[in-house]
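Every chain is numbered from 1, with letters handed out A, B, ... down the list of sequences. Note that this is a predicted model, so its numbers are computed, not measured.
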Number of protein chains: 2
Amino acid sequence: MLLSYTEENYLKALLKITFDSGVEKVGTNELASALDVKPATANDMLKKLKEKMLVDYKKYGKINLTSEGKKIAIEIIRKHRLWETFLYQKLEFSWDEVHEVAEQLEHIQSQKLVDKLDKFLAYPEFDPHGDPIPNSKGEIKIHYKKTLSEMTPGNTCKMVAVKDNSSPFLQYVVKVGLGINNEINIISIQEYDLMMVIEVNGQQSTVSQKFAENIYVVNK
Amino acid sequence: MLLSYTEENYLKALLKITFDSGVEKVGTNELASALDVKPATANDMLKKLKEKMLVDYKKYGKINLTSEGKKIAIEIIRKHRLWETFLYQKLEFSWDEVHEVAEQLEHIQSQKLVDKLDKFLAYPEFDPHGDPIPNSKGEIKIHYKKTLSEMTPGNTCKMVAVKDNSSPFLQYVVKVGLGINNEINIISIQEYDLMMVIEVNGQQSTVSQKFAENIYVVNK
DNA sequence: ATACAAAGTTAGGTTAATCTAACAATATTT
DNA sequence: AAATATTGTTAGATTAACCTAACTTTGTAT
Ligand SMILES: [Mn+2]
Ligand SMILES: [Mn+2]
Ligand SMILES: [Mn+2]
Ligand SMILES: [Mn+2]
C-alpha cells in the first residue's frame, strides 16, 4: 500500500503511544497532541486510515492499529532506527542529532534500501538511544527495563536506553558523564525532592527525579 | 530558505534543462513536460518561484534561474549524485537502480548530512553515471564531452558518462559489455542507418545511433 | 500581411492536510 | 442524578499542488 508521509506519521504515532503508555487504546486528543495537530485534523485522518483498514475505530470509541497498520508502523520505526544507527556509526553524528534527520529518512520508500542498509550496518539490534531495532520480519526484542528512578541506594545498574529523545536531554546526559552501557551506582536519594546522587566511572553527580525517570537501566 | 519538495524539483528541472540543452532560456511547456505536469501547473509554480526571487521571468517571456535559484538547484543535484554514489559504492546497488531512490533522498534537509556523506565517500568527483558531483562550494567540474555517435571508424575513445539515465538503457549498456572508463574502438559505421560496430574489451557489438548518442566519450 | 499553429496564461475546480468554531457524547464530580 | 468538565465530531474555510477548458500572445508559413 502506498501511503503519504503524513499517513505514515499517524501510524507511527499510534504505535509509539501504545509502546510508551503500555495501553492498547488511544484517544483522538492524545494522538493529535502527539502529532502536534488539532483533534479535528486527527479525526479526519482517522476516518481515512479506517477506510484503508489500517486502524480499527468507531465514533467516540478508542483507536487501535489493525495488524496491517501495525506492520507498517513497525517498518517505519525500523527504518527510523536503522537510519539513526547509520548516522551515528558511519557519519559521526552525535546521539542528540540523529533523531531529527531520521524523521525525514524514515519515509524513503525502497525495500531494497532498508535491507541493504541493515546489512551494511551488520544487522544492528539497538539504535544509538538503546531502543531495539525491529528485524526484517518486524520482530522487536523487548527486554524488560526499569528506570533509574526505581533504583535504591546501594543498587548497581547498567544504563541501557533513554526515554526522552530530545536534544537538550541527550546533551545533558552526556554532560553528567552518562552513556549507554555505563555502570551506575546509586549513592543516596534525598527524601524530600527525590534528588539522586549517582556514581558513574568514579564521578559523582546529582540528578533530579525527572532526569532519573528518563534513563532506562537493568539491574546488575 | 525553506522550500517544499515540489519547489525543489522545479528548480532542479530548470537547471537540468539548461545543462542538457545548453540554452539558458527555458519555456513553460518544456518545463512542464520535464516535470510531467500540465503547463498551467508549471505556470502557477513559476509565479510562486518568481515571488521568492528564485526565477527570473515575465509573462510570455522565457524562464531563467536567479543566482540564488541556481545555487539551490546545484545543491540538490549535489545531494542527488552523492546519494547515488553512496548507494552504488556502499550499499551495492546497481547503476540502474540508484536514480529512483536518489530522487527521494535528494530532498532530505540537513547540511550536516550532506557534508558528512561527502566526507564518508571521500569527496567523490563523479557519480555512478559519470556525472560530475558539485563540491561544497557549488563548483562543478565540467569536462568537455563528445558522444559516441560523433566518433568515426579507426577512432579509439573512452566512455566517461551516460546521457540517458533510465533503467532500461543502463541495463542495455551493461549487456553490450560497456561501462564507465571502458576503452572503445570504432570498427565501422553503416552509412544507411548509422549503425556502429564497436569493440570493447575484445568483444564486438553493433549499436544504433540512438544508443551511441547517449554514451559520452573522450578521445584517446 | 493574414492566417494558422504553437506557446503561454487565466479562470475555476479538486484533493490532501490543515485550521477554527460550534456542537455532541462521554466521563467525572458534587 | 444533575452539573460540569473532558473528549470527540462536524461544518466550513484555507493552502499547496495539481487538473481542464477557454483564452491570449507570439511565432511561422503561406
Ligand atoms: Mn528517534
Ligand atoms: Mn532512537
Ligand atoms: Mn540520477
Ligand atoms: Mn547520476
Phosphate-side-chain proximity, [X] and [N], N/O vs OP1/OP2 below 4.0 Å:
| X | N | result |
| --- | --- | --- |
| A:Ser4 | C:dA16 | no |
| B:Asn43 | C:dG8 | no |
| A:Lys38 | D:dG8 | no |

* Go through B:Leu3 and B:Lys52 one step at a time and tell me if the side-chain contact (heavy atoms from CB on, under 4.5 Å) criterion holds. => CA-CA 10 Å; B:Leu3 298 181; B:Lys52 294 190 175 188; 4.1 Å; yes
With sequence neighbours left out, the residues meeting ring pair (Phe, Tyr, Trp, His ring centres under 6.0 Å) with B:Phe169 are B:Phe211
Per the under-4.0 Å heavy-atom filter, residues of residues 6-16 of chain A near DNA chain C come out as A:Thr6, A:Tyr10
Residue pairs meeting ring pair (Phe, Tyr, Trp, His ring centres under 6.0 Å), one or both in residues 1-38 of chain A, sequence neighbours left out, come to A:Tyr5-A:His107
Per-nucleotide protein contact along nucleotides 21-27 of chain C, 5' to 3', at a 4.0 Å heavy-atom cut-off (B base, S sugar-phosphate only, - neither), is ---BS--
Review point. Are B:Leu105 and B:Lys79 side-chain neighbours, meaning at least one heavy-atom pair lies under 4.5 Å?
Key: no
* Does any non-hydrogen side-chain atom of A:Met53 lie less than 4.5 Å from one of A:Glu68? -> no
Side chain to side chain contact (heavy atoms under 4.5 Å, CB included) test vs A:Lys90 passes for just one of A:Leu121, A:Thr85, A:Leu117, namely A:Leu121
Whole-Å distance, A:Leu49 CG to C:dA16 P, equals 12 Å
To the nearest angstrom, the NZ-C1' distance between B:Lys62 and D:dG27 comes to 10 Å
So the salt bridge (Lys or Arg N to Asp or Glu O under 4.0 Å) pairs with at least one residue in residues 93-108 of chain B (sequence neighbours excluded) are A:Lys112-B:Glu97, B:Lys12-B:Glu103, B:Lys12-B:Glu106
Open item on the list: Ring-plane angle category for A:Phe120 and A:Phe86, please: parallel below 30°, perpendicular beyond 60°, tilted otherwise.
Closed with: tilted
Contact check, residues 20-30 of chain A vs DNA chain D, heavy-atom distance under 4.0 Å, returns A:Gly27, A:Thr28, A:Asn29
